[in-house]
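Worksheet: one structure, shown below.
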Amino acid sequence: MNQKFIITKKLPELPEVETVKETLKNLIINKTIRDIDVFYDGIIKDISVEEFKKYLIDKTFTNIKRQGKYLIFILDDIALISHLRMEGKYFIKSTLEDRSKHEHIIFYFTDGSTLRYHDTRKFGTMDIRNIEDIYDTAPINKLGPEPFDKKLTVSYLSAKLKNKSIPIKSALLDQTIITGLGNIYVDEVLYRCKLNPITKSNTLKKADLSNIIKYSSIVLDKAIKLGGTTIRSYTSSLGVTGRFQNELNVHTLENEPCKVCQTPIVKTKVNGRGTYFCPKCQK
DNA sequence: GTGACCACCTGGCCGC
DNA sequence: TGCGGCCAGGTGGTCA
């Protein structure tokens, strides 16, 4: 087998972000920012580094929330909205520790510790909002319901997809329709639903939509309980690794036998995204 | 309104 | 051994 296709990139999806949120809650709540160093300003959206510092210095972390794959740090009256994208991570370290190559933003706390944003590919983003504007402005106000949300019903999904001829895989990756599903979990959900990833979204039956809702919730719930998925080396703060990779049925398992019918799992591309499915179970 | 495509960015891998 | 090129990923922007 071509080695290039074995290596799958790791990425933080909703379960991984939930793990990061819960881990950081125990570590930074009630800590006050004394200073900030920004080594790569491309992560900060819309405002200058000076404004970013002005908003956050002397502020205290009072809560951490999550919406989809976004982390929302509450600092008094300000919200720092962070998206980890492909490889973003947070670490707590002492002020004395040297900065590693990929640490792009360091928050210095008054107690001598630091919160460090580490991102190998510099894809992550940070937005600043007033707390009263969090849910009324982009990016949060564009997000659809999460799989656990009661708003996610068959009628909601049917209305969203009725004019969509794009593959169901692409539709499920669209965070304005359902928020929280990423490439790994969409493959796993579609496998459990026995749906081919290229099925046109507007051809699905109500039973299919019901299954999508049901299995999205089941898959993400289980992944959260297991701390997410560590495919190559993704770890959350303080090196917490996920165990959901042991539950994967198709993703990254090209040429491995399907657990149901033993047919080799196929890897293809759907709108440029690496996609794994069983050609027999998912017709 | 919809869908396709591109940019962003870098480590790891393959082929030469 | 070293170099060039490809690939992976989520999201936002642009264009048809």
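Note that these values count all heavy atoms, side chains included, but never hydrogens, waters or copies made by symmetry.
Every residue meeting the side chain to side chain contact (heavy atoms under 4.5 Å, CB included) condition with A:Val260, not counting sequence neighbours, appears here in chain and number order: A:Tyr191, A:Cys258, A:Cys281. For A:Lys280, the side chain to side chain contact (heavy atoms under 4.5 Å, CB included) partners two or more places apart in sequence, or in a different chain, are A:Cys261, A:Thr263, A:Cys278. Take A:Tyr117 and apply the side-chain hydrogen bond (donor to acceptor under 3.5 Å, both in side chains) test, not counting sequence neighbours, and it matches A:Asp119.
Of the side-chain N and O atoms in A:His83, none sit less than 4.0 angstrom from OP1 or OP2 of C:dG10. The side chain of A:Asn271 places an N or O atom within less than 4.0 Å of a non-bridging phosphate oxygen (OP1 or OP2) of B:dA4. Listed pair A:Lys269 / C:dC7 fails the phosphate criterion, with no side-chain N or O lying under 4.0 Å from OP1 or OP2. Remark: A:Gln175 is not in phosphate contact with C:dG10, judged by side-chain N or O atoms under 4.0 Å from OP1 or OP2.
Contact between A:Phe61 and A:Ile28 at its shortest, heavy atoms only, is CB-O, 3.4 Å.
Summarising the geometry, the separation between CG on A:Leu172 and P on C:dT11 is reported as 13 Å, rounded to the nearest angstrom. Going from atom CD1 of A:Ile166 over to atom P of B:dG1 covers 15 Å, rounded to whole Å. Look at CG on A:Leu181: it is 11 Å from P on C:dT11, rounded to the nearest Å. Residue A:Glu13 contributes atom CD, which lies 13 Å from atom C1' of C:dT11 at whole-angstrom precision. For the pair A:Ile177 CD1 and B:dG1 P, the computed distance is 14 Å after rounding to whole Å. The distance from atom NZ of A:Lys69 to atom P of C:dG9 is 12 Å, rounded to the nearest whole Å. Atom NZ of A:Lys45 is separated from atom C1' of C:dT11 by 9 Å (rounded to the nearest Å). Per the geometry, CG belonging to A:Asp187 stands 14 Å off C1' belonging to C:dG10, to the nearest Å.
Judged as a side chain to side chain donor-acceptor pair (under 3.5 Å), the pairs with a partner in residues 26-53 of chain A (not counting sequence neighbours) are, in order, A:Lys31-A:Asp111, A:Lys31-A:Ser113, A:Thr32-A:Thr60, A:Asp37-A:Tyr108, A:Ser48-A:Glu51. Within the structure, the salt bridge (charged side-chain N to carboxylate O under 4.0 Å, His left out) test picks out the following pairs touching residues 125-139 of chain A (sequence neighbours left out): A:Asp127-A:Arg129. Residue pairs meeting the side chain to side chain donor-acceptor pair (under 3.5 Å) criterion with at least one partner in residues 165-174 of chain A, sequence neighbours excluded, are A:Lys169-A:Asn183, A:Lys169-A:Asp187, A:Lys169-A:Thr275, A:Ser170-A:Asn271, A:Asp174-A:Thr176. Judged as a salt bridge (charged side-chain N to carboxylate O under 4.0 Å, His left out), the pairs with a partner in residues 140-153 of chain A (not counting sequence neighbours) are, in order, A:Arg66-A:Glu146. Among residues at least two apart or in separate chains, salt bridge (charged side-chain N to carboxylate O under 4.0 Å, His left out) pairs with a member in residues 95-108 of chain A are A:Lys93-A:Glu103, A:Glu103-A:Arg116.
Hydrophobic clustering (ILVMFWY, side-chain heavy atoms < 4.5 Å, transitive): A:Phe107 and A:Ile29 are in one cluster.
Using a 4.0 Å cutoff on non-hydrogen atoms, the parts of residues 158-165 of chain A near DNA chain B are A:Asn163, A:Lys164, A:Ser165, ordered by number.
End-to-end axis angle of the helix from B:dT2-C:dA16 to B:dC16-C:dG2, from C1' rotation axes over five pairs per end: 50° (rounded to 10 degrees).
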Tabulate protein N/O versus nucleotide N/O from nucleotides 6-10 of chain B, keeping only pairs under 3.5 Å, one per line.
from: B:dC9; atom 1: OP1; to: A:Tyr40; atom 2: OH; distance (Å): 2.4
from: B:dC9; atom 1: O4'; to: A:Arg121; atom 2: O; distance (Å): 3.3
from: B:dT10; atom 1: OP1; to: A:Lys122; atom 2: NZ; distance (Å): 2.7
from: B:dT10; atom 1: O2; to: A:Arg121; atom 2: NE; distance (Å): 3.3

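Taking the six-membered ring where the residue is Trp, the centroids of A:His104 and A:Phe39 are separated by 6.0 Å or more.
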Scan the side chains in residues 206-217 of chain A for donor-acceptor partners under 3.5 Å anywhere in the protein, sequence neighbours excluded, and list what turns up.
from: A:Asp208; atom 1: OD2; to: A:Lys205; atom 2: N; distance (Å): 3.0
from: A:Asn211; atom 1: ND2; to: A:Ala207; atom 2: O; distance (Å): 3.4
from: A:Ser216; atom 1: OG; to: A:Ile212; atom 2: O; distance (Å): 2.6

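Candidate nucleotides C:dG9, B:dA4, C:dT11 were compared by shortest atom distance to the side chain of A:Asn183, and C:dG9 ranks first.
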